[in-house]
Amino acid sequence: MSLLAAALLAAAAAAPPPASKADVRKKQAAVASIDAHRGDLVSMADAIWGFAETALGETRSAALLADYAERQGFRVERGKAGMPTAFVASYGQGRPVVAVLGEYDALPGLSQKAVPERAVLQPGAPGHGCGHNLFGAASLGAAVAVKELIEAGKLSGTVRFYGTPAEEAIGGKVYMARDGLFRDVDVALAWHPADRTYADMTSGQALVDLVVTFEGRTAHAAFDPWNGRSAVDALELFTHGVNMMREHVKPTVRMHYVILEGGDVPNVVPDHAKVWIWARDFERKGVDEVLAWLRQVAEGAALMAGVKQTLAVQAGDYEILVNEAGARLLDANLRWLGPIAYAPEEQAFAKALQTAAGVEPRGMESEIGPLLGQEKEGGSTDVGDVSWNVPTLHVSVATAPRGVPWHAWPVVAAGGP
Ligand SMILES: [Zn+2]
């Protein structure tokens, strides 16, 4: 399934439509390269599915892809942007510089066997609930196909595979962008596993990820509470303030929090409390406004409770800056490749998964979806930060049956060996 993504990204890099006969031959060569490496690409995707390593711990997954790139003749630089599991593999020289992005981190707690019913593989272990095992391997396949075209003298320039860790947590691409790793790139190509196949013009949401900590003064909660100042009081005032904000922020804003620390026992005035909160909007400007307000709410809460507060921004990303010309190029190449043909046993598996997930058992969607106008959807990705540095082309490819829940066991089951 993800081989289509590899073929598509490689074909798009090979030549824009309308294509001359020579261009078509380049596209065909790119597709032939994907076919030739099929066994390697599938076995890498399966191995990374089995490793199921979470953000910044993707040691074996990153090494597998980086070693493969090296064996294919790429120059590999590991440990980029201060992250041991980030790497860049390059081939060729000069312009244009074409970047292909790959991810390989799993999600905690989603361990699942590759069967169409809920069956935990290893209790408490992570699982590939976002299909990043496919994302990494297929994107590298695309980069290898472009490399072979350069090697054969059919294309000139440089192809780079970016091994980008921790998409599900801190967003490794944010730090790679900050370190200027996309500065000389002409175009970035990316794809993402989905339940449909289409050239993507969705921009997603900008995000800020922050932690607010309150430090008070402890005391016996019954004997001398007047000597204490409760950090949990401040935390409650803060979250209350956030919930009051909801009425007055734009409808596009999303705020969600979890309480990380909220005291130990009721008979001690808690001197420490911590809340983790994300705020999103469809544009970075909106997020910045909400962040400024959240800072004031944290200060106000601390003032009311008589405690100290610190607000630490941990991570964040920009919304995707959609490149319409690029989306049209990907759409034309998708149609040139044609719909995905699924084997009867793949459709039977997909239908069983849909039944188990409680959605209509229609099987895999093989048709290529229409090219829609620019869309906004909930959710954030660090691809956004890349798109503000370099034109970024994005496609979604069906790797799981339509309608099954994402970041959940059915996606793990569909992406496994
Ligand atoms: Zn993802």
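Order of listing sets the numbers, starting from 1, for every ligand and every atom in it.
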Residues [X], [Y]: salt bridge by 4.0 Å N-O rule:
X: D281; Y: K376; value: no
X: E324; Y: R328; value: yes
X: D288; Y: R284; value: yes
X: E365; Y: R196; value: no

Query raised in the report: Less than 6.0 Å separating the ring centroids of W276 and Y257?
Result: no

Query - Test: K80 cationic atom under 6.0 Å from F87 six-membered ring centre, within 45° of axis - result: no

Query raised in the report: Under 2.8 Å from the Zn ion (ligand 1), how many protein N/O/S atoms can be counted?
Result: 3

